[in-house]
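Notes to accompany the following structure.
Side chains are part of it too, since the values below use all heavy atoms of this structure and drop only hydrogens, waters and symmetry mates. Since we're looking at a predicted model, the values are computed, not measured. Lettering follows sequence order; numbering is per chain, from 1.
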Protein chains: 2
Amino acid sequence: MSLPGHPSPEDIYERARKKIPAISLATVYKNIRTFLDSGMLQEVSLHHGSLRVEPNHEPHHHLVCVNCKSITDLDASGFDPLQFRRGLPRGFRVKRIAVDILGICQRCSSAGAPKHR
Amino acid sequence: MSLPGHPSPEDIYERARKKIPAISLATVYKNIRTFLDSGMLQEVSLHHGSLRVEPNHEPHHHLVCVNCKSITDLDASGFDPLQFRRGLPRGFRVKRIAVDILGICQRCSSAGAPKHR
DNA sequence: ATCGCTGCAAAACATTTGCAGTTTG
DNA sequence: CAAACTGCAAATGTTTTGCAGCGAT
């Protein structure tokens, strides 16, 4: 938590070693997973297990199920990307804006949907 | 391109095999990379190389450099998540909304910043 | 003849898991 | 003592790479 920015497991490992020199990378991964599962930490972008390709160039958002990792497109007409232009640091050239709405899909809500993985 | 949704390399491989039975998975990966680099395809969420952890629970957006993969937090006050509540499919339980502003950061713009990776 | 694309196999990573030993309460 | 946590090493899964061959220009 004391690390700045958005550390990787390796970053956390390096940091942890300063206090607990014998700690292993596996333990770091195990603890990160525990924290992610508990919601104490989040992932910067959801890990789908493998690369997912986006052929749809129309402006749209993604509805992502954090349980089964399904991705559904959501029309983005009426969405104003300009609202984000304010407050950007100088020199940052915006290419596109990705909006991911994370949650639990209908299918996973109903029934005892097993954790996908 | 003809595949629905957001196919994985494996999906594309399966599909390609129907037309070109001898094609290899490596070729599929190579071509996906070419298309990604050319902008013909996009990644659903940017691949950072490894998991990135998010300790910041305050509402904020991410400024992501698609070149060096750096992540910067951007305050999200004044941002109205309710605008996304409309048009959601029934039964989808929203947990959080992630806004990633993808582009090229200042540092990478200036000078011949080498492609990270 | 050259250049680019391919398959194959191996490498390189990132992440998880089994297991046996420790620690904690 | 039971439950939770750890290190290690091995397994898994994804993606990249080296290389030799093949095809088109």
Do B:H6 and A:H62 have ring centres separated by under 6.0 Å? yes
Taking only Lys NZ, Arg NE, NH1 and NH2, and the carboxylate oxygens of Asp or Glu, determine whether A:R33 and A:D37 approach each other closer than 4.0 Å. yes
Return the residues of residues 2-23 of chain A meeting this criterion: a heavy atom under 4.0 Å from some atom of DNA chain C. Order them by number, or give none. A:P9
Nucleotide N/O of nucleotides 20-25 of chain D paired with protein N/O under 3.5 Å:
none

Nearest of C:dT6, D:dG7, C:dT15 to any side-chain atom of B:L51? C:dT15
Verify side chain to side chain donor-acceptor pair (under 3.5 Å) between B:S45 and A:R52, making sure each step is shown before the conclusion. CA-CA 8 Å; B:S45 30; A:R52 296 306 192 79; over 6 Å; no
Just the rounded figure in Å: distance from C1' of C:dT15 to CG of A:L36. 12 Å
Produce the list of close N/O pairs, under 3.5 Å, pairing protein atoms with atoms of nucleotides 18-21 of chain C; give distances to one decimal.
unit_1: C:dG18; atom_1: O6; unit_2: A:K30; atom_2: NZ; d: 3.3

When clusters are formed by joining ILVMFWY residues with side-chain heavy atoms under 4.5 Å apart, either directly or through shared neighbours, do A:I97 and B:L46 land in the same one? no
Aromatic contact between A:Y13 and A:Y29, with the criterion being ring centroids under 6.0 Å apart: yes or no? no
A:S109 side chain to A:C105 backbone, donor-acceptor under 3.5 Å: yes
NE2 of A:H47 versus C1' of C:dT16: gap in Å, rounded? 11 Å
Quick one: is D:dG7 close enough that its OP1 or OP2 comes under 4.0 Å of any side-chain N or O from A:S24? yes
Which is it for B:D11 and B:S8 under the side chain to side chain donor-acceptor pair (under 3.5 Å) test, yes or no, and what are the steps along the way? CA-CA 5 Å; B:D11 293 336; B:S8 67; 3.2 Å; yes
Name the one of B:I71, B:V53, B:V64 that satisfies side-chain contact (heavy atoms from CB on, under 4.5 Å) with A:V44? B:I71
Return the value, rounded to whole Å, for the distance between atom CZ of A:R33 and atom P of D:dT6. 16 Å
Atom-pair distance (CG on A:L46; C1' on C:dT15), nearest Å: 15 Å
By nearest atom, which of the nucleotides D:dT14, C:dT16, D:dG7 is closest to the A:Y29 side chain? C:dT16
Toward the 5' end of DNA chain C, which comes first, B:N31 or B:S50, by nearest nucleotide? B:N31
Check: A:L3 and B:P55 side chains under 4.5 Å, non-hydrogen atoms: no
Passes side-chain contact (heavy atoms from CB on, under 4.5 Å), B:E54 versus B:D73? Steps please. CA-CA 10 Å; B:E54 173 62 88; B:D73 287 354; 4.2 Å; yes
Assess the residue pair B:R107 and B:S70 against the criterion (side-chain contact (heavy atoms from CB on, under 4.5 Å)); give the C-alpha distance rounded to whole Å, side-chain angles, the decisive distance to 0.1 Å, and a yes or no. CA-CA 10 Å; B:R107 229 169 64 83; B:S70 66; over 6 Å; no
Of the options D:dT15, D:dG7, C:dT6, whose atoms approach the side-chain atoms of B:L25 most closely? D:dT15
Please give, in whole Å, the distance from D:dG13 C1' to A:K69 NZ? 13 Å
